[in-house]
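This report refers to the structure that appears directly beneath it.
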Amino acid sequence: MAMPAAASTNIVLRLEMDKDSTTFGRIATAIGAAGGDIVAVDVSGTGKTTTIRDLTVNISETNRKELIVSALNKLPGVHVLQVSDQTFLMHLGGKIEVTPKMTIKTRDDLSRVYTPGVANVSMAIHEVPSRAHTLTIKRNTIAVVSDGTAVLGLGNIGPLAAMPVMEGKAMLFKQLAGVDAFPICLDTQDTEEIIATIKRIAPAFGGINLEDISSPRCFEIERRLIEELDIPVFHDDQHGTAVVLLAGILNAVKLAGKRLQDCKVVLNGVGAAGIACTKILLAAGVVNIIGVDRAGALVNGRDYEHEAWNWYAGNTNPEREQGGLADVIAGADIFIGVSAPGVLKADDIRRMAKDPIVFAMANPTPEIAPEEAEGLVRVMATGRSDYPNQINNVLCFPGLFRGVLDCRASRVTEEMKLAAAHAIASVVTEEELNEYYIIPSVFNPHVAEKVKEAVIQAAYASGVARRRERGL
């Protein structure tokens with residue numbers, strides 16, 4: 001299994017060079033020795049004795065920037081004027097904006113979009129509240145809500161630091177599915193305050209996407225909001241992960257010649273994502289799944305600290321296997337990791353069934369590096385973009401929300417999640433399916449459309465779609 005290079009980024013170095021004291025060749029050599037790769041050179045100014053050049057340099061590790069700057073500063077006749085990170089440049093002023101759908105050019109335009117004409121529209125909604133779905137942005141707008149307690153692999157970094165992530169998600173909603181999403185980062189970690197706040201802002205939105213809220217509070221927040229709101233509430237860390245995982249598993253077992261209902265599945269990390277992944281696998285036909293966490297394999301009859309673990313133990317592990325991961329992995333067909341780096345060993349994989357399937361999804365460092373699993377697995381997937389078979393929620397949430405908005409679904413059902421998973425899996429054709437391609441790219445233009453159609457169909461079948469006719 002050939003592995004790609006590590007993830008990289010670009011920096012831009014503005015250098016003032018003394019023509020008599022140095023050469024570009026020396027600069028290029030110093031940058032290369034420090035681990036950088038020059039990909040572009042622009043002359044931004046020149047004088048009698050000096051020249052100013054902007055060098056775009058590709059680096060694979062963040063500490064390379066400091067090493068490169070240090071190496072350049074040691075060269076005679078070289079002055080580093082400025083160092084810019086292209087990632088930071090993309091975030092200056094934020095990544096999204098609100099733009100009007102029409103231009104107000106005349107007094108007549110003003111009277112229609114605002115006063116006095118807008119009063120007629122407001123009264124129409126007052127008389128029939130459901131008209132808000134067609135006469136306001138509610139029709140196409142969702143809130144991406146976080147309290148910043150479980151952001152990516154960064155943990156509890158707070159609402160301000162969570163904003164760039166939520167902005168990025170809003171961009172993906174718009175680009176991939178035409179959904180207007182707005183980031184809302186709440187300065188509270190109190191469960192009741194979060195629930196109350198979301199309920200108060202809900203009238204402006206057609207759906208709520210909960211994001212990066214720590215476990216176990218996320219379970220209560222989602223459950224209560226689903227019960228108390230009449231618009232879809234979807235915790236993407238749980239269900240988006242589960243949908244895309246199932247899509248990958250469906251194609252992986254097909255490739256390995258296994259039947260899902262016959263597979264023994266071991267899942268490491270019984271948190272929010274792990275529980276959601278388990279529920280969707282059970283709904284898809286898995287019979288034997290064992291969850292492993294700090295207490296080892298969860299077994300029915302024991303009293304666990306988290307109520308969610310008690311539910312888990314009562315609905316999984318039918319053979320009541322006990323012990324740690326190394327004990328219960330024997331004979332497993334599928335390993336799913338939503339836990340921590342390095343917990344799965346090569347020897348563990350050797351004890352699995354023939355043609356083992358490993359989904360090591362801890363980010364940024366998986367439960368086992370693909371390089372360590374090379375030659376031992378039939379199919380390997382991670383959560384990283386720099387390896388094949390990335391399990392990425394982006395494959396799910398844009399199309400899913402496009403679907404629920406288009407049919408005005410009141411909630412997201414299990415049938416809709418299953419439909420979304422099968423739709424994602426179907427994008428990979430029989431001819432394309434192989435060990436390095438079991439899941440489509442996040443840039444595949446067919447994914448969001450297929451997910452949308454599948455979700456709408458399942459919503460009508462589930463009785464939660466509120467549009468009498470599709471397309472109206």
Side-chain angles (χ1 to χ4, degrees), residues 141-173 179 181-202 204-229 231-245 267 269-280 293-294 305-309 311-312 338-340 361-364 383 391-394 396-398 400-401 404 411-412 417:
T141 306
I142 66 108
V144 181
V145 184
S146 177
D147 65 356
T149 54
V151 179
L152 298 176
L154 304 175
N156 187 356
I157 60 174
L160 285 175
M163 275 293 291
V165 180
M166 305 310 134
E167 285 185 18
K169 188 151 193 177
M171 293 177 70
L172 293 167
F173 267 115
V179 173
F182 198 85
I184 296 177
C185 294
L186 304 178
D187 191 15
T188 178
Q189 296 182 14
D190 181 87
T191 296
E192 293 301 326
E193 286 188 358
I194 291 172
I195 293 170
T197 302
I198 294 173
K199 286 174 63 178
R200 290 186 180 113
I201 66 172
F205 299 98
I208 304 293
N209 183 115
L210 299 176
E211 189 77 13
D212 295 345
I213 299 173
S214 62
S215 174
R217 295 176 309 117
C218 59
F219 300 121
E220 175 71 6
I221 292 169
E222 184 192 39
R223 182 188 65 78
R224 290 268 303 282
L225 289 172
I226 289 173
E227 291 175 354
E228 298 174 26
L229 291 177
I231 56 175
V233 177
F234 186 82
H235 185 204
D236 190 50
D237 301 316
Q238 292 184 63
H239 310 300
T241 302
V243 166
V244 182
L245 166 82
L267 180 142
V270 189
I275 291 173
C277 289
T278 298
K279 287 182 176 179
I280 202 168
D293 213 288
R294 297 188 302 272
E305 57 179 310
H306 300 310
E307 186 55 37
W309 282 11
W311 175 91
Y312 197 102
V338 276
S339 52
M361 301 189 297
N363 251 331
I391 305 304
N392 193 325
N393 294 18
V394 177
C396 173
F397 64 78
L400 183 138
F401 270 97
V404 299
R411 60 190 176 91
V412 179
K417 297 171 197 172

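Heavy-atom neighbours of Phe182 CZ from other residues, nucleotides or ligands within 6.0 Å: at or below the threshold of 12. The number of heavy atoms from other shown groups lying within 6.0 Å of CG (Asn363) is above 12.
Looking at every heavy atom in both residues, Val179 comes nearest to Pro398 through CG2-O, 4.4 Å. Nearest heavy atom pair, residue Ala170 against residue Ala181, reads CB-O, 3.3 Å. Smallest separation of non-hydrogen atoms from Gly274 and Val338: CA-CG2, 3.7 Å. Considering every non-hydrogen atom in both Ile231 and Ala202, the closest pair reads CD1-O, 4.0 Å. Minimum interatomic distance between Cys277 and Ile280 (heavy atoms only, all atoms of both residues): O-CG2, 3.3 Å. Taking both residues in full, the closest heavy atoms of Leu225 and Lys199 are given as CD2-CG, 3.9 Å, listed atom of the first, atom of the second, then distance.
Side-chain contact between Ile208 and Ile142 is absent, with no heavy-atom pair separated by less than 4.5 Å. Counting heavy atoms from C-beta outward, Val412 and His239 have side chains that stay 4.5 Å or more apart. Residues Tyr312 and Lys279 form no side-chain contact, since every pair of their non-hydrogen atoms from C-beta on lies 4.5 Å or further apart. Residues Leu245 and Val243 fail the side-chain proximity criterion, which asks for heavy atoms closer than 4.5 Å. Proximity of Ile157 to Leu154: side-chain heavy atoms (C-beta onward) are separated by under 4.5 Å at one or more points.
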Under the side-chain contact (heavy atoms from CB on, under 4.5 Å) criterion, do Leu210 and Val144 qualify, and how do the steps go?
-> CA-CA 6 Å; Leu210 299 176; Val144 181; over 6 Å; no
Start with the C-alpha distance between Leu152 and Val165, add both sets of side-chain angles, then the distance that settles side-chain contact (heavy atoms from CB on, under 4.5 Å), and finish with yes or no.
-> CA-CA 8 Å; Leu152 298 176; Val165 180; 3.9 Å; yes
Please test Thr278 against Leu267 for side-chain contact (heavy atoms from CB on, under 4.5 Å), starting from the C-alpha separation and ending with a verdict.
-> CA-CA 8 Å; Thr278 298; Leu267 180 142; 3.7 Å; yes
What's the verdict on side-chain contact (heavy atoms from CB on, under 4.5 Å) for Phe219 and Glu307, showing C-alpha distance, side-chain angles and the deciding distance?
-> CA-CA 10 Å; Phe219 300 121; Glu307 186 55 37; over 6 Å; no
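Separating the CD atom in Glu222 from the CD atom in Glu227 is a distance of 10.5 Å, to the nearest 0.5 Å. Once rounded to the nearest 0.5 Å, the distance linking CD1 of Ile184 with CD1 of Ile198 reads 8.5 Å. Rounding to the nearest 0.5 angstrom, the gap separating the SG atom in Cys185 from the CD atom in Glu167 is 8.5 Å. The structure places CD of Gln238 at 7.5 Å from OG of Ser215, a figure rounded to the nearest 0.5 Å. Between Asn393 atom CG and Thr241 atom OG1 the span is 3.5 Å, to the nearest 0.5 Å. With values rounded to the nearest 0.5 angstrom, Ile226 atom CD1 is found 11.0 Å from His235 atom NE2.
Ser146 places a side-chain N or O within donor-acceptor distance of the main-chain N or O of Glu211, the cut-off being under 3.5 Å. Although no hydrogens or angles enter the test, the distance criterion places a donor-acceptor pair under 3.5 Å between the side chain of Asp293 and the main chain of Val270. Side-chain atoms of Thr149 come within 3.5 Å of backbone N or O of Ser214 as a donor-acceptor pair.
With respect to Lys169, the salt bridge (Lys or Arg N to Asp or Glu O under 4.0 Å) criterion is satisfied by exactly one of Asp237, Asp236, Asp212: Asp236. Screening Thr191, Asp190, Asp147 against Arg217 for a side-chain hydrogen bond (donor to acceptor under 3.5 Å, both in side chains) leaves a single residue, Asp147.
Centroid-to-centroid, the aromatic rings of Phe234 and Phe397 stay 6.0 Å apart or farther.
The pair Arg223-Glu220 meets the salt-bridge criterion, with a side-chain N (NZ, NE, NH1 or NH2) lying under 4.0 Å from an Asp/Glu carboxylate O.
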